[in-house]
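A short worksheet on the structure shown next.
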Amino acid sequence: MRVATWNVNSAKQRVPRLLPWLDQRRPEVVCLQETKLTDDAFRALLGGELAARDYEVALYGEVQWNGVAILSRVGLDNVVRGLPGAPGFPHQEARAVAATCGGVRVHSLYVPNGRTPDSDHYHYKLEWLSVLRDTVAAGPADVLVCGDMNIAPADADVFDPDAYVGQTHVTAAERAALARLTDLGLHDVVRDRWPDERVFSYWDYRAGMFHQDLGMRIDLILAGTPVADRVRAAWVDRAARKGTGPSDHAPVIVDIDTAPDGDIGPVVPPPSAGTPRRGRHKLPQAR
DNA sequence: ATGGCTTCCGCTGGAAGA
């Protein structure tokens, strides 16, 4: 089962990148953030294209900002929109949606930015993370906590720690809040697989930051131990950050072995699997 | 570097992002 998370920075703007990427990577489950669309607008924009690719969709969006989604072709059960008990700013924001997909509790999260340390938004971020921790603690160990955490877990996750002194995303309180979540028994699958590599998932649009690989790793996939034990690959899909009209974030992808009694869902042939072309390739003939 | 891009709504500017 392939699970991906991607802050698309507007689903509407990203359609020309999102659909080909789905066809190329063929993830079973996709967590999206910053869709920036109401649920009606999302369905009008992408409902048909996603249904044609056998995805069911769980949405929690709003009109201008935020917005999260889960796409799944391995089932989509017990959908919970939002984070019950989470604070608002001041109103509830569309920053969390959860569903059970292929036997795994999947969370698609867009953690508040925090803006500046000690601002109201920063304290909102910390309180929101505390409620997230309690929500995950109350759930199953077969869990994937995915999304834009807006925290770089360690100094190795920013291009220049000195450039971030006094900034959000790297403060001790934010990292402690993230640690209280991962202390539940979650594993940072990309860092576990690439312990010493320079791995980022976000690069500012400006000043050639991507070209110079000056970024941050703030988009995470955190796996409960039983899921982490089944991880076979985990990486950042940098190709999706290249070219024309990218998001400023790249997708993060994890491949998980099927559980011994798991159901991977319907088998869908690849788009190229069709009638063999005559003439160019000689197929073995039965005698 | 003081936001250097990109997006949104909604109107041509201001806010937000990290």
*Is A:Asn9 near enough to B:dT6 that one of its side-chain N or O atoms lies under 4.0 angstrom from OP1 or OP2?*
no
*Between B:dC5, B:dA18, B:dC8, which one does the side chain of A:Tyr205 approach most closely?*
B:dC5
*Ignoring backbone atoms, establish whether A:His169 has a side-chain N or O less than 4.0 Å from OP1 or OP2 of B:dG17.*
no
*Send over the distance from A:Arg95 CZ to B:dA16 P, rounded to a whole Å.*
12 Å
*So, is A:Arg14 near the phosphate of B:dT7, with a side-chain N or O under 4.0 Å from OP1 or OP2?*
yes
*Distance, rounded to the nearest Å, where A:Phe210 contributes CZ and B:dG4 contributes P*: 22 Å
_Distance, rounded to the nearest Å, where A:Arg115 contributes CZ and B:dA16 contributes C1'_ = 7 Å
*Rounded off to whole Å, could you give me the CG-to-P distance for the A:Asn7 and B:dA18 pair?*
6 Å
*Looking only at side-chain N and O atoms, does A:Ser10 come under 4.0 Å of OP1 or OP2 in B:dC8?*
yes
*With C1' as the reference atom in both, quote the distance from B:dA18 to B:dT7 in angstrom, rounded to an integer.*
14 Å
*A:Arg191 bridged to A:Asp157 by N-O distance under 4.0 Å*: yes
*Is any side-chain heavy atom of A:Pro161 closer than 4.5 Å to a side-chain heavy atom of A:Val158?*
yes
*How close or far is atom C1' of B:dC5 from atom OH of A:Tyr202, stated in whole angstroms?*
9 Å
_Which nucleotide in B:dC9, B:dG17, B:dA18 has an atom nearest any side-chain atom of A:Val63_ = B:dC9
*Under 3.5 Å, is there a donor-acceptor pair between the A:Asp148 and A:Gln33 side chains?*
no
*Is a salt bridge present between A:Arg53 and A:Asp23, judged by a nitrogen-to-oxygen distance below 4.0 Å?*
yes
*More 5' along DNA chain B: A:Pro246 or A:Gln167, using each one's nearest nucleotide?*
A:Pro246
_In this structure, how many angstroms lie between the P atom of B:dA1 and the CG atom of A:Leu214, rounded?_
17 Å
*Separation of B:dG17 P from A:Trp65 CH2 (nearest whole Å)*: 7 Å
*Could you tell me whether A:Arg73 sits above the aromatic face of A:Tyr55, with NZ or CZ closer than 6.0 angstrom to the six-membered ring centre and within 45 degrees of the axis?*
yes
*So what does A:Asp148 touch, heavy atoms closer than 4.0 Å: a base, only the sugar-phosphate, or nothing?*
sugar-phosphate
*Is the distance from OP1 or OP2 of B:dC8 to the nearest side-chain N or O of A:Gln13 less than 4.0 Å?*
yes
*Using a heavy-atom cut-off of under 4.0 Å over every strand shown, decide if A:Met209 touches base, sugar-phosphate, or nothing.*
nothing
_Gap in Å between the two P atoms, one belonging to B:dC11 and one to B:dT6, rounded_ = 24 Å
*Think A:Tyr110 has a side-chain N or O under 4.0 angstrom from the OP1 or OP2 of B:dA16?*
no
*Do A:Asn113 and B:dA18 share a donor-acceptor pair, side chain to base, under 3.5 Å?*
yes
_Separation between the P atoms of B:dA1 and B:dG10, rounded to whole Å_ = 36 Å
*With the side chain counted from C-beta on, respond yes when A:Thr225 and A:His187 share a heavy-atom pair under 4.5 Å apart, and no when they do not.*
yes
*Give the rounded distance in Å between these two atoms: CG of A:Asn150 and P of B:dG17.*
8 Å
*Contact nearer the 5' end of DNA chain B, comparing A:Val111 with A:Asp204*: A:Asp204
*How far does the P atom of B:dT2 sit from the matching atom of B:dC8, given to the nearest Å?*
27 Å
